[in-house]
Amino acid sequence: MFSSSAGGKKPPPQEMVQVDRSDAATPFWRAPQRETPPPPKKTTTRDPGLVVGASYSHADMLRFDTLNVSGRPRTPPPASSATHSSHPGRSSTTSPPAKTSSGLSSPPLKSYMNFLSKTNDDWNVDEADEMYGYDDDDGDDFGLPSLSNMKRRTKRIEAQNKPGAGSALSPDDGDDGFGGLRTRRYSDSADIAIERPVSAYPLPKKNEGKILRPQYKEILRDPANALHLINHPSVPANALPKEVDAINSRITRINKFKKILQASSIPLSDLRALAWSGVPEEVRAMTWQLLLSYLPTSSERRVATLERKRKEYLDGVRQAFDKGGGGGGGVAGGTPIGSKGAAARGLDEAVWHQISIDVPRTNPHIELYGYEATQRSLERILYVWAVRHPASGYVQGINDLVTPFWQVFLGTYITDPDIESGMDPGQLPRAVLDAVEADSFWCLTKLLDGIQDHYIVAQPGIQRQVASLRDLTARIDAGLAKHLEKESVEFIQFSFRWMNCLLMREISVKNTIRMWDTYMAEEQGFSEFHLYVCAAFLVKWSDKLVKMDFQEIMMFLQSLPTREWTEKDIELLLSEAYIWQSLFKGSSAHLRGPASRNPSANFQL
């Protein structure tokens, strides 16, 4: 129950709405409201029975008691803003208009439409004074505050309570945002963020270091040279007959791939047929590059093509980040530039800022993606792709799509196949990182070329796939489709992320890599076959979903129990998807169904 003032008068806007745990009408986080000037602060003791914003168990994991709900600390402008600003046209004294509250009407719909609006390329934010800050970076599809955001707010509140906090802030007391108060680390590596907050990166242990292949220079020149270095697994002396058969089957399969890949002219049809059931990790990098048409099928053209494409990417990086470098926008004599460097180099601040937010949140549970070398490489890939594709620009979710390429291509140069932990890419030769980065960029470009209408304005490709998923589900499992409609669950509320991120938020990176083996073996794997995979994925949970109400359905679909999935689970999912594609692909009358609706009839993007 929302708190209100006595006498039936309309209460003044508050910084955060307080919700009673037992009578909460919605589990979703409500956006704060502002007014100028803010109401006077009152020193009151918080009721431990109340939580702020959320009313279910997720809130219990967050330390809400440390929040100051009567007033929100404002991030003061940097000291250099008096002389120059890195964001022209913005005024630090202008207060944003107060947000209008819509009460309790359709909170899930409103939350998800806000989520959809964030994926457009205009990066509009309701509050202009926080456009380049991390303060409201909640990082949750429902709008729930992330644990990292709660920690940042707690630090700011503690800093304000310290004596003299208003005049002298320690370097660690500022926020993580652009233009915040944290001590900045200057970079001369020609990457996106010239000035970055000091970050804590994982440090690899010496006994965990991965070994670089001694023949890495030959592999850089021609990936086919790695085929001669494959070591077949040995059969243990005490192995069971079933294990011996599995090892022998794997050796046979690797040899089949080697025979195709070592041909002077590679037959793609044979390679696709063999790759559909999975690609051994020893030959995966070269197979992917061929199936995406990045590498030519002719062995005579392979070396020259790789050299040309990698040089083209590196030239593109220099052009993107070194604009105006001679006029004070670069690093002269090793001296870091000032806060005007980004504008001087001609960077699109809105794009690179959003990328710099998303990259540290990419696969945060995997050590490999926590290293600085990895994050800088991903930032360059995403920014160069964005500026080369102005029709869509960078859209949140593309940062996930580049990681399978980066991980697979990096593994080509490492003897240990498990590179997700214990290896800092920054310790590798520069030539290796440049090749991995360039190859990842071009393969990402090839992938996105087939689904670019997923990321242009209004994202019509995703709307079509969501509508097709709804109709396909009605044909496969009518009971589930009717139950979702009865509970007012719109498919776009849960399947948008499935289409936007290609299920990468639902399954692990290793399982995604196995799934992409089949996607690349399909002629239209990412644009068409993915739809049938999503249908099989949804129907898999039908027995549980039909017993849930709206809130339970949404929470279940946002946190599916796939953590323990193995390649066998992925292969079963792909097999089911192949069955649905065989039955319904090309049968538009069956796919469409009698109750087909316009996907945008109830949603205005």
Residue pairs fulfilling ring pair (Phe, Tyr, Trp, His ring centres under 6.0 Å) with at least one residue in residues 459-481, sequence neighbours excluded: none
Side-chain heavy-atom pair Met554, Gln551 within 4.5 angstrom cut-off: no
Salt bridge Arg361-Asp358, side-chain N to carboxylate O under 4.0 Å: yes
Of all pairs that satisfy side-chain hydrogen bond (donor to acceptor under 3.5 Å, both in side chains), the ones with a partner from residues 279-295, not counting sequence neighbours: Arg250-Glu282, Arg284-Asp517, Trp288-Asp517, Tyr294-Asp439
SB check Arg388 Glu312 (cutoff 4.0 Å): yes
Pairs flagged by salt bridge (charged side-chain N to carboxylate O under 4.0 Å, His left out) wherever residues 546-557 is involved - sequence neighbours left out: none
Worked check of side chain to side chain donor-acceptor pair (under 3.5 Å) between Glu367 and Tyr371: CA-CA 7 Å; Glu367 182 182 318; Tyr371 290 107; 2.4 Å; yes
Donor-acceptor pair, side chain of Arg470 and main chain of Ile492, under 3.5 angstrom: no
Ring geometry between His389 and Trp385 (parallel below 30°, tilted from 30 to 60°, perpendicular above 60°): parallel
Straight-line distance of Asn511 CG to Glu571 CD, nearest 0.5 Å: 10.0 Å
Close side-chain approach of Val539 and Glu576, heavy atoms under 4.5 Å: no
Derivation of the side-chain contact (heavy atoms from CB on, under 4.5 Å) call for Leu271 and Phe257: CA-CA 8 Å; Leu271 186 61; Phe257 273 94; 4.0 Å; yes
Check: Gln459 and Phe496 side chains under 4.5 Å, non-hydrogen atoms: yes
Residue pair Ile381 / Tyr313, side-chain heavy-atom distance below 4.5 Å: yes
Chi angles and distances behind the side chain to side chain donor-acceptor pair (under 3.5 Å) call for Asp569, Thr566: CA-CA 5 Å; Asp569 297 291; Thr566 63; 3.3 Å; yes
Minimum side-chain heavy-atom gap Tyr383-Val317 below 4.5 Å: no
Minimal non-hydrogen separation, Val395 against Asn500, with atom names: CG1-OD1, 4.4 Å
Donor-acceptor pair, side chain of Arg272 and main chain of Met520, under 3.5 angstrom: yes
Gap between atom CD1 of Ile451 and atom OG of Ser392 - 0.5 Å precision: 10.5 Å
Val509 side chain near Glu420 side chain, heavy-atom distance below 4.5 Å: yes
Euclidean distance, Trp276 CH2 relative to Leu574 CG, rounded to 0.5 Å: 5.5 Å
Donor-acceptor pair, side chain of Gln465 and main chain of Ser527, under 3.5 angstrom: yes
Check ion pair Glu485-Lys482 (N to O, under 4.0 angstrom): no
N/O donor-acceptor pair under 3.5 Å between Ser377 side chain and Ala373 backbone: no
Test item: Gln375 side-chain N/O and Tyr369 main-chain N/O as donor-acceptor pair under 3.5 Å: yes
Any donor-acceptor N/O pair, Glu506 side chain to Leu560 backbone, under 3.5 Å: no
Contact check, side chains of Glu522 and Gln581, non-hydrogen atoms, under 4.5 Å: yes
4.5 Å side-chain heavy-atom contact, Pro404 and Met504: yes
Single hit among Thr374, Val402, Leu382, Asn399 for side chain to side chain contact (heavy atoms under 4.5 Å, CB included) with Thr362: Asn399
CD1-CD1 distance between Ile579 and Ile476, expressed to the nearest 0.5 angstrom: 10.0 Å
Minimal non-hydrogen separation, Val384 against Gly316, with atom names: CG2-O, 4.4 Å
Separation between CZ of Arg514 and OH of Tyr519, rounded to the nearest 0.5 Å: 11.0 Å
Proximity of Tyr394 and Trp352 rings by center, below 6.0 Å: no
CZ on Phe491 to OG1 on Thr473, rounded to 0.5 Å: 4.0 Å
Minimum-distance pair of heavy atoms, taken over all atoms of Leu292 and Cys443: CD1-CB, 3.8 Å
His530 side-chain N/O to Leu502 backbone N/O, donor-acceptor pair under 3.5 Å: no
